[in-house]
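The next block holds one structure in the form of structure tokens; read it before the comments.
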Number of protein chains: 2
Amino acid sequence: MNLRQDIHNSDIPVLCQACEARHRGLCGALEPKQLVALSRTSSRHRIHPGAELIGDSENIDSFSNILSGVVKLTKTLSDGRQQIVGLQFAPDFLGRPFRSESVINAQAATELSLCSFPKSVLERMIHESPGFERRLLRQALNELDEARDWMVTLGRKTAGEKVASFLVRIARNIDPEAAANGASATFDLPLTRADIADFLGLTIETVSRQLTKLRTEGVIGIENNRRVNVHNMERLEARSGR
Amino acid sequence: MNLRQDIHNSDIPVLCQACEARHRGLCGALEPKQLVALSRTSSRHRIHPGAELIGDSENIDSFSNILSGVVKLTKTLSDGRQQIVGLQFAPDFLGRPFRSESVINAQAATELSLCSFPKSVLERMIHESPGFERRLLRQALNELDEARDWMVTLGRKTAGEKVASFLVRIARNIDPEAAANGASATFDLPLTRADIADFLGLTIETVSRQLTKLRTEGVIGIENNRRVNVHNMERLEARSGR
DNA sequence: CGCGTGTTTGAAGGCGCTCAACCGCTGTGG
DNA sequence: CCACAGCGGTTGAGCGCCTTCAAACACGCG
């Protein structure tokens with residue numbers, strides 16, 4: 001385990017030195033002295049699955065970088081029907097700038113580690129550092145691309161294709177090169193069956209049935225309910241509708 | 001019809017003086033001299049319904065402001081199934097910065113008027129004007145909010161609720177205050193039944209049936225196939241699932 | 001051991017799709 | 001002037017996928 005040797009690494013706050021957000025996330029846009037300022041007002045949190053990070057129509061007064069774990073963004077209709085409208089992974093930025101009240105719920109899907117800072121600090125960063133805003137814009141556009149991809153899945157795919165699409169998406173996030181090579185991949189699902197159903201616009205039962213169908217047909221293996229082995233990514237993708 | 005009296009209105013290019021994009025859109029972020037530079041390289045286009053503005057996996061080399069009309073953003077699966085993943089109205093900005101190839105199709109849904117400029121100019125504007133980038137970020141975040149709202153509709157609502165939600169959304173865009181007051185509103189649908197179906201993840205037949213259902217139950221009136229009269233927005237919204 | 005939570009499996013029913021015919025309007029050409 | 005084709009939309013009949021309701025199962029924990 002050797003630390004990256006950056007120029008002037010010594011100027012960088014200890015907490016930030018090995019932080020993924022600084023390498024691939026938002027903080028990569030910041031100068032050492034800005035990092036120092038940010039780290040002074042930021043705090044790390046460890047959060048358990050199921051904990052609510054922000055609720056619908058609550059005031060937005062802090063933002064976070066996701067250091068590890070998965071966050072689910074959900075929306076709920078008045079009669080209780082629920083839909084997951086976004087999944088965020090490390091080192092994503094979490095929060096909605098330029099809005100006083102949240103229009104979604106954010107909940108920890110897994111064990112979670114966050115680096116949080118208050119709204120005022122975000123606003124200062126935005127004004128002081130153009131690169132910071134650029135990163136926010138890039139992430140927003142990427143999330144928009146993903147959301148639109150998912151709209152096709154929700155609107156036009158069958159249950160079987162939806163479940164396959166979901167597995168492909170998770171696999172890509174956890175094991176990118178295996179996914180790219182069409183090879184095999186083993187990983188833990190970050191979501192329960194209920195979450196997967198809410199993500200796909202299906203019922204728990206349908207998700208379960210489609211998963212066992214993929215298993216009996218030899219496309220995937222299932223151990224532990226959570227742990228999945230995709231024997232052949234190419235074959236899984238062929239079932240995802242594309 | 002009196003032109004807005006801005007300070008130094010005379011410094012602003014003639015074409016831009018009455019342009020909505022300068023008042024509510026992207027160009028509002030620009031200084032007069034930047035407007036002059038932009039207007040030198042930009043050109044106005046009039047486009048007929050059905051014309052393709054950009055295709056999937058084509059190179060992105062220009063961007064536009066929508067001056068009037070409606071643009072539909074679509075995605076298509078390999079077997080032809082299609083989904084509309086976004087609708088854009090004046091004075092929205094049209095295009096995907098920071099990406100060499102498009103991942104969607106953009107098509108004129110109605111008669112359209114655009115103000116287009118090349119990629120290089122956009123990139124210069126982004127670097128020269130922080131306000132410009134801020135506007136892009138705001139629009140991207142708003143589109144993301146809308147997309148997520150729509151994911152709930154696609155994933156969790158019934159056909160009847162989907163059609164009602166669609167009408168509410170259109171009404172809000174065309175007659176905002178009527179929509180807010182729960183009053184009545186009359187307008188032309190910017191989409192054909194086929195487009196509405198692709199927007200809602202339904203078939204043409206189901207859309208048609210749900211519209212006639214709303215008509216026979218006295219919630220809306222239909223003339224001309226395109227022209228719709230919402231007798232009571234409140235009653236329509238009650239059917240949209242919320 | 002019993003309880004709780006998450007998951008699987010089964011049987012029955014309904015919502016939205018598929019297939020097909022028809023309607024109304026428009027433009028075109030004999 | 002009428003016949004006809006083309007297009008968008010409506011309406012009907014039957015079916016299939018996914019949901020609903022219900023029960024059983026697996027695993028962990030007090």
Side-chain angles (χ1 to χ4, degrees), chain A residues 48-51 72 77 79-84 107 109-110 153-167 188-217 220-228 239 241, chain B residues 48-50 72 77 79-83 107 109-110 153-167 188-217 220-228 239 241:
Chain A
H48 296 301
K72 56 179 181 178
L77 298 177
D79 64 359
R81 282 174 288 176
Q82 206 173 41
Q83 175 69 44
I84 293 183
Q107 213 179 351
T110 66
T153 302
L154 289 173
R156 289 303 187 196
K157 291 189 185 175
T158 65
E161 291 169 338
K162 284 181 176 182
V163 171
S165 299
F166 170 74
L167 292 176
D188 281 322
L189 294 177
L191 301 183
T192 65
R193 299 290 186 273
D195 284 337
I196 299 173
D198 281 348
F199 193 61
L200 295 170
L202 297 172
T203 60
I204 299 177
E205 296 92 325
T206 302
V207 171
S208 177
R209 276 185 253 269
Q210 294 299 333
L211 282 172
T212 60
K213 190 168 175 230
L214 285 174
R215 178 173 52 74
T216 58
E217 292 174 353
I220 63 173
I222 302 180
E223 333 147 21
N224 251 356
N225 283 342
R226 283 298 186 113
R227 195 154 190 81
V228 171
R239 290 170 169 262
Chain B
H48 295 302
K72 56 178 181 180
L77 297 178
D79 63 359
R81 281 175 289 176
Q82 206 175 42
Q83 175 71 40
Q107 211 179 354
T110 66
T153 302
L154 289 173
R156 289 303 186 195
K157 291 188 185 176
T158 65
E161 290 169 338
K162 283 181 177 181
V163 171
S165 298
F166 171 75
L167 291 175
D188 282 322
L189 294 176
L191 301 184
T192 66
R193 299 289 186 274
D195 284 338
I196 298 173
D198 281 348
F199 193 59
L200 295 170
L202 297 172
T203 60
I204 298 176
E205 296 94 324
T206 302
V207 171
S208 178
R209 276 186 252 269
Q210 294 300 331
L211 282 173
T212 59
K213 189 165 176 233
L214 286 174
R215 179 173 52 73
T216 58
E217 293 176 350
I220 63 173
I222 301 180
E223 336 149 20
N224 251 356
N225 284 344
R226 283 299 186 111
R227 195 153 191 78
V228 171
R239 290 171 169 263

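Just so it is clear, the model here is predicted, and its values are computed rather than measured. Throughout, a chain's letter reflects where its sequence line sits, starting with A, and its residues are numbered from 1.
Dashed line: the shortest gap from a side-chain N or O of B/T206 to OP1 or OP2 of C/dC17 is under 4.0 Å. The phosphate of D/dT11 has OP1 or OP2 within less than 4.0 Å of a side-chain N or O from B/T212.
A/I196 has its CD1 atom 8 Å from the P atom of C/dT7, to the nearest Å. Rounded to whole angstrom, the span from the CG atom of B/D195 across to the C1' atom of D/dG9 amounts to 14 Å. Put simply, CD1 on B/I222 is 15 Å from C1' on C/dG24, counting in whole angstrom units. Between B/D198 atom CG and D/dG8 atom P the separation is 13 Å, expressed in whole Å. Atom CZ of B/R227 is separated from atom C1' of D/dG9 by 19 Å (rounded to the nearest Å). The interatomic distance linking B/N224 (CG) with D/dT10 (P) rounds to 12 Å, in whole Å. Straight-line distance from the CD atom of A/E223 to the C1' atom of C/dG6: 18 Å, rounded to whole Å. A/L202 places its CG atom 15 Å from the C1' atom of C/dC15, with the value rounded to the nearest Å.
Judged by distance alone, the side chain of B/R156 and the main-chain N or O of A/L202 form a donor-acceptor pair under 3.5 Å. Looking only at distances, a side-chain donor or acceptor of A/Q83 sits under 3.5 Å from a matching main-chain atom of A/F199. Of the possible donor and acceptor atoms, one in the side chain of A/T216 sits under 3.5 Å from a partner among the backbone N and O of A/T212.
With hydrogens and angles ignored, a donor-acceptor pair under 3.5 angstrom links the side chain of A/E205 to the base of D/dC21. Contact of A/R209 with D/dT20 (side chain to base): a donor-acceptor pair of N or O atoms is detected under 3.5 Å.
Contacts of A/L211 with the nucleic acid, taken as non-hydrogen atoms under 4.0 Å apart, are absent. Across all strands, A/G160 comes closer than 4.0 Å to no nucleic acid atom at all (heavy-atom distances).
Of the candidate nucleotides C/dT7, C/dG16, D/dT11, D/dT11 has the atom nearest to the side chain of B/S208. Each of C/dT9, D/dG9, C/dT7 was ranked by its minimum atom distance to the side chain of A/R215; first place goes to C/dT9. Distance from the side chain of A/T203 is smallest to D/dT19 among D/dT19, D/dT11, D/dG9.
The residue among B/R226 and A/T158 whose nearest nucleotide of DNA chain D lies closer to the 5′ end is B/R226. Place A/A194 and B/Q210 on DNA chain C by their nearest nucleotides, and A/A194 ends up nearer the 5' end.
For the pair A/L211 and A/R193, the minimum side-chain heavy-atom distance is below 4.5 Å.
Separating the CZ atom in A/R239 from the NZ atom in A/K213 is a distance of 6.5 Å, to the nearest 0.5 Å.
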